[in-house]
Protein chains: 2
Amino acid sequence: MNTIHDILKQHELRITPIREMVLVVIRDSKSALSSQDIELKLNDIDRITLYRTLKTFESKGIIHKAVDGTNVQKFAMCDAGCNEHIHHDQHAHFNCDHCGSTFCLDSLEIPAIKHDTGFQVRSMDVIMKGICADCAD
Amino acid sequence: MNTIHDILKQHELRITPIREMVLVVIRDSKSALSSQDIELKLNDIDRITLYRTLKTFESKGIIHKAVDGTNVQKFAMCDAGCNEHIHHDQHAHFNCDHCGSTFCLDSLEIPAIKHDTGFQVRSMDVIMKGICADCAD
DNA sequence: GTATACTTGCAACGCAGTTGCATTAAATTA
DNA sequence: TAATTTAATGCAACTGCGTTGCAAGTATAC
């Protein structure tokens with residue numbers, strides 16, 4: 001189990017208070033978080049620095065963009081195998097119609113889809129939409 | 001085969017020159033189009049009116065947003081069965097890594113995906129990414 | 001402790017998209 | 001056909017996400 005320090009070191013990033021705080025928030029969240037979500041959880045973080053930090057983390061393979069079909073960019077932790085060259089984040093995401101939360105469905109098996117479109121498919125994202133467990137009560 | 005007039009009439013929208021032009025461009029395009037794409041094809045169209053027009057068409061079920069995993073909002077024609085209450089646009093989209101074009105894959109069969117996540121799934125989008133037929137040469 | 005170069009804070013900016021309001025114009029009614 | 005109704009358009013102004021530039025701050029290596 002990697003500590004925050006280990007994650008930053010492993011990806012050759014400097015360990016700064018801002019980065020630690022941002023990474024803790026993302027690591028500890030059940031759902032993917034937008035820049036604004038993170039900003040609300042961390043009082044007084046500079047919005048611009050947050051953009052930069054998220055961008056850096058994503059480019060290093062620490063976090064990934066959760067493709068959820070909304071206009072709000074959300075981020076979640078990557079698996080341990082990602083780095084700046086390889087992103088292994090081809091899993092489905094679930095977006096709740098009610099609360100807007102987006103969840104990574106890591107354990108979901110995406111079946112192969114046959115196609116004869118003339119397109120060379122390199123990757124595939126699946127977005128499921130509906131009501132999440134929390135809102136279903 | 002509906003004419004542009006028929007489509008607008010059927011959806012109870014007034015027939016105006018702007019609406020005709022926008023709808024012609026979208027209908028005749030092989031790929032989904034962004035607001036900017038349309039603006040470039042129609043010289044001197046008012047950007048703001050275009051936003052409004054696209055929003056109106058979408059809300060009436062004439063066009064749908066092509067969910068393609070990019071930050072650029074793109075629109076494509078709906079099937080004939082859509083109206084303001086019912087959108088039948090649950091098909092896959094293909095986004096080209098090279099040219100950025102997004103295509104509707106209407107004929108693609110999306111297999112059912114089993115899950116035990118506690119989520120109530122209401123709809124599902126599939127985004128395929130790779131190289132389109134035009135860029136593959 | 002010092003030097004290096006990365007990180008942060010802040011100002012400024014670009015652009016997608018929305019809102020408000022007056023004018024225009026399409027459709028309906030008389 | 002003309003008058004009326006009301007939806008559509010043009011334009012100004014705005015919001016908010018995201019980017020860029022630069023100086024100051026700071027983490028890390030030596």
Side-chain angles (χ1 to χ4, degrees), chain A residues 3-25 32-60 62-75 84 100 102, chain B residues 3-26 32-75 84 100 102:
Chain A
T3 66
I4 298 289
H5 279 218
D6 291 336
I7 293 171
L8 292 172
K9 271 186 172 239
Q10 175 187 328
H11 291 275
E12 291 175 331
L13 290 175
R14 294 188 183 190
I15 295 155
T16 67
I18 303 240
R19 287 175 167 173
E20 289 184 290
M21 290 193 292
V22 171
L23 213 36
V24 163
V25 168
L33 297 172
S34 68
S35 180
Q36 194 177 57
D37 294 332
I38 297 167
E39 210 175 330
L40 287 176
K41 286 175 188 281
L42 299 175
N43 297 328
D44 288 332
I45 189 169
D46 179 65
R47 178 173 74 96
I48 314 308
T49 301
L50 181 54
Y51 284 129
R52 284 215 176 95
T53 304
L54 292 173
K55 188 175 180 183
T56 300
F57 285 170
E58 194 208 351
S59 68
K60 290 291 191 179
I62 298 175
I63 62 176
H64 69 281
K65 280 175 185 163
V67 182
D68 68 355
T70 72
N71 289 327
V72 186
Q73 198 92 284
K74 299 193 191 73
F75 296 92
E84 63 194 336
T102 294
Chain B
T3 65
I4 297 288
H5 279 219
D6 291 335
I7 293 171
L8 294 172
K9 269 187 173 235
Q10 173 188 329
H11 291 272
E12 292 175 328
L13 291 176
R14 293 186 183 191
I15 296 154
T16 68
I18 305 241
R19 286 175 166 173
E20 289 184 290
M21 291 193 292
V22 171
L23 213 36
V24 164
V25 168
I26 297 176
L33 297 172
S34 68
S35 180
Q36 193 179 56
D37 294 332
I38 297 167
E39 208 176 334
L40 287 176
K41 285 176 188 281
L42 299 176
N43 297 329
D44 288 333
I45 189 168
D46 180 64
R47 180 173 74 95
I48 315 309
T49 300
L50 180 53
Y51 283 130
R52 285 215 175 95
T53 304
L54 291 173
K55 187 173 179 181
T56 301
F57 285 170
E58 195 209 351
S59 70
K60 290 290 192 179
I62 298 175
I63 62 177
H64 69 283
K65 280 175 184 162
V67 182
D68 69 355
T70 72
N71 289 327
V72 186
Q73 198 92 282
K74 299 193 192 72
F75 297 92
E84 62 192 337
T102 294

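Model, not experiment: these values are computed from the prediction. Letters A, B, ... mirror the listed sequences (proteins, then strands); counts begin at 1.
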* Could you pick out which residue, R14(A) or L13(B), lies toward the 5' side of DNA chain C when each is mapped onto its nearest nucleotide? => R14(A)
* Structure fact -> The answer to which of I15(B) and I18(A) contacts DNA chain C further toward the 5' end, by nearest nucleotide, is I18(A)
Look at the side-chain N and O atoms of [X] and state whether any lies under 4.0 Å from the OP1 or OP2 oxygen of [N].
X      : N       : answer
T49(A) : dG9(C)  : yes
Q73(A) : dC17(D) : no
T53(B) : dT9(D)  : yes
R19(B) : dA8(D)  : yes

* Check the pair E58(B) / L54(B) against side-chain contact (heavy atoms from CB on, under 4.5 Å), numbers first and verdict last. => CA-CA 6 Å; E58(B) 195 209 351; L54(B) 291 173; over 6 Å; no
When the distance from [atom1] of [X] to [atom2] of [N] is rounded to whole Å, what number comes out?
X      : N       : atom1 : atom2 : result
I38(B) : dA16(C) : CD1   : P     : 13 Å
Q36(A) : dC17(D) : CD    : C1'   : 10 Å
Y51(A) : dT7(C)  : OH    : C1'   : 18 Å
N71(B) : dG16(D) : CG    : C1'   : 14 Å
K9(B)  : dA7(D)  : NZ    : P     : 17 Å
E20(B) : dA26(C) : CD    : P     : 10 Å
L8(A)  : dT8(C)  : CG    : P     : 10 Å
H11(B) : dA8(D)  : NE2   : P     : 14 Å

* Look at the side chain of R52(A) and the base of dG18(D), then say whether one donor and one acceptor between them are separated by less than 3.5 Å. => no
* Asked: Between T16(B) and P17(A), which is nearer to the 5' end of DNA chain D once each is assigned its nearest nucleotide?
  -> T16(B)
* Minimum heavy-atom separation for T102(B) to K74(B), with atom names? -> OG1-NZ, 3.5 Å
* What closest approach, in Å, do L13(B) and K60(B) show between heavy atoms, and which atom pair accounts for it? -> CD2-CE, 3.7 Å
* Asked: Across the strands shown, which category fits R47(B) at heavy-atom distances under 4.0 angstrom: base, sugar-phosphate, nothing?
  -> base
* When we call it a touch if two heavy atoms are under 4.0 Å apart, what does I48(A) touch: a base, just sugar-phosphate, or nothing? -> base
* **From dA26(C), dG10(D), dA16(C), nucleotide with atom closest to D46(B) side chain** => dG10(D)
* Asked: Among T3(B), T53(B), I4(B), which residue meets the side chain to side chain contact (heavy atoms under 4.5 Å, CB included) test with L23(B)?
  -> I4(B)
* Can any side-chain N or O of R19(A) pair as donor or acceptor with the backbone N or O of R14(A) at less than 3.5 Å? -> yes
